[in-house]
Amino acid sequence: MSRLQGKVALVTGGNKGIGKAIALGLAKEGARLILTARDEEALRQAAAEMPAETLVRVADVTDEQQVRELFAHTERHFGRLDLLVNNAGAFNGGPIDELSIEAWDHVLAVNLRAPFLCTREAMRIMKRQGGGRIINIGSISAQRVRPNSAAYSASKHGLWGLTQVTALEGRTHGITCGCLHPGNVLVERRKVSGKVEDEEPMMTPEELAETAVLMACLPPHVNLLEAIVLPATQLYVGRG
């Protein structure tokens, strides 16, 4: 039997890249899915590739009301939620003294406000049903920063903090929470030729997704609190 047979998983940013790869890995293990993002066409294309029942829901996960409706819709349809993957992310680079407040607010909203809103709703459902698991997609930038990444690095540091508090508050309710920190992943935005970062070692979304699926399939009483996955030759220690 597949390891996630009968389970229900919600993946934010599940229409492409890392989110889509994780969703596919979960579906192959038998999980039923709800994918959410803002691009409906891309969501439906991703859902068509899933080998399991998959719902799509267009939502801006930085919006409190839309998040509430997303989770209410999930519970109405499936009657439960076993796994939340907070994957949706944003990046705006540039020197701190040139970074606009609009760019800062956008990155913090997508990378930190959205996981908080989704975690809050998931916790409410999971407490009622007696357990569940939350996986946050962080970044090695939560531990080793680079120049021109103030908003992104700050948001991923914050997400790691949110992960720890969620794990702490959830443990008496059978709810686990872990953070997966990827290194360089060859997602769509990085497939544009001529970028310096494309010369660095890369791994595929599918290779990263293997660890997310491992985290999802652990026994309920076991939690992988933090995982760092990166290409073996990527600079990491002292990389700044």
Side-chain angles (χ1 to χ4, degrees), residues 3-4 6-14 18-27 29-37 55 57 59 61-62 64 66-75 78-89 109-139 142 155-182 208-229:
R3 292 178 292 176
L4 296 176
K7 303 294 186 180
V8 175
L10 189 158
V11 182
T12 71
I18 293 172
K20 179 181 173 182
I22 291 174
L24 183 59
L26 298 174
E29 289 292 343
R32 295 173 291 168
L33 302 172
I34 180 161
L35 306 182
T36 187
L55 296 185
R57 180 83 176 188
V61 287
T62 70
E64 183 177 25
Q66 292 187 47
V67 170
R68 284 177 172 167
E69 292 171 356
L70 167 66
F71 282 80
H73 178 72
T74 300
E75 193 170 26
F78 290 114
R80 62 183 300 107
L81 176 64
D82 300 286
L83 174 66
L84 165 65
V85 181
N86 282 314
N87 165 74
V110 176
N111 292 357
L112 193 53
R113 174 186 170 94
F116 158 70
L117 291 173
C118 291
T119 294
R120 187 176 65 177
E121 297 306 311
M123 289 278 282
R124 290 168 175 169
I125 296 173
M126 291 173 180
K127 280 185 177 183
R128 290 196 295 270
Q129 68 191 22
R133 190 181 299 275
I134 298 170
I135 299 173
N136 294 323
I137 305 304
S139 169
S155 68
K156 294 302 185 179
H157 274 78
L159 185 60
W160 171 225
L162 177 64
T163 299
Q164 295 174 77
V165 175
T166 303
L168 181 62
E169 293 188 9
R171 66 187 183 187
T172 57
H173 302 280
I175 301 168
T176 60
C177 184
C179 196
L180 174 56
H181 295 301
L208 175 67
E210 292 184 21
T211 301
V213 173
L214 169 65
M215 295 169 76
C217 292
L218 289 171
H221 65 285
V222 177
N223 185 32
L224 206 174
L225 180 64
E226 184 179 26
I228 299 169
V229 180

Mind checking the [atom1]-[atom2] spacing from [X] to [Y]? Nearest 0.5 Å is all I need.
X      : Y      : atom1 : atom2 : result
Cys118 : Arg68  : SG    : CZ    : 12.5 Å
Phe78  : Leu33  : CZ    : CG    : 7.5 Å
Asn111 : Ser139 : CG    : OG    : 9.0 Å
Cys179 : Ile135 : SG    : CD1   : 10.0 Å
Met215 : Glu226 : CE    : CD    : 9.5 Å
Ile175 : Glu169 : CD1   : CD    : 10.0 Å

Task: Under 3.5 Å side-chain donor-acceptor pair for Arg57 and Thr36 - done: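 On atom types as modelled, these side chains do not qualify, holding no pair under 3.5 Å.
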Looking only at non-hydrogen atoms, find the nearest pair between [X] and [Y] and report the distance.
X      : Y      : result
Asn223 : Ala167 : ND2-CB, 4.4 Å
Arg133 : Leu218 : NH2-O, 3.0 Å
Ile22  : Val213 : O-CG2, 4.5 Å
Thr74  : Val8   : CG2-CG1, 4.4 Å
Ala109 : Thr62  : O-CG2, 3.5 Å
Met126 : Leu84  : CE-N, 4.1 Å

- [ ] Give a yes or no on whether a salt bridge exists between Arg120 and Glu64, defined as a side-chain N under 4.0 angstrom from a carboxylate O.
- [x]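 Looking at Arg120 and Glu64, the cut-off is met.
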Would you check if [X] and [Y] make a side-chain contact, meaning some heavy-atom pair closer than 4.5 Å?
X      : Y      : answer
Leu159 : Leu162 : yes
Val61  : Leu117 : no
Asn136 : Cys177 : yes
Leu180 : Val85  : no
Lys7   : Leu26  : no

If we ignore hydrogens and angles and just use 3.5 Å, is the side chain of [X] paired with the main-chain N or O of [Y] as donor and acceptor?
X      : Y      : answer
Asn87  : Gly13  : yes
Lys127 : Gly170 : no
His157 : Ala142 : yes
Glu29  : Arg3   : yes
Gln129 : Leu81  : yes

Task: Heavy atoms from other residues, nucleotides or ligands near CZ of Arg124 exceed 12 (cutoff 6.0 Å) - done: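 More than 12 heavy atoms, drawn from other residues, nucleotides or ligands, come within 6.0 Å of this atom.
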TODO: Could you give me the CA-CA distance, side-chain angles and deciding distance for Leu4 and Asp82, then say whether side-chain contact (heavy atoms from CB on, under 4.5 Å) is met?
DONE: CA-CA 9 Å; Leu4 296 176; Asp82 300 286; over 6 Å; no
- [ ] Check each of Thr163, Thr119, Thr12 against Asn86 using the side chain to side chain donor-acceptor pair (under 3.5 Å) test, and report the only one that passes.
- [x]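 So the option named by the test is Thr119.
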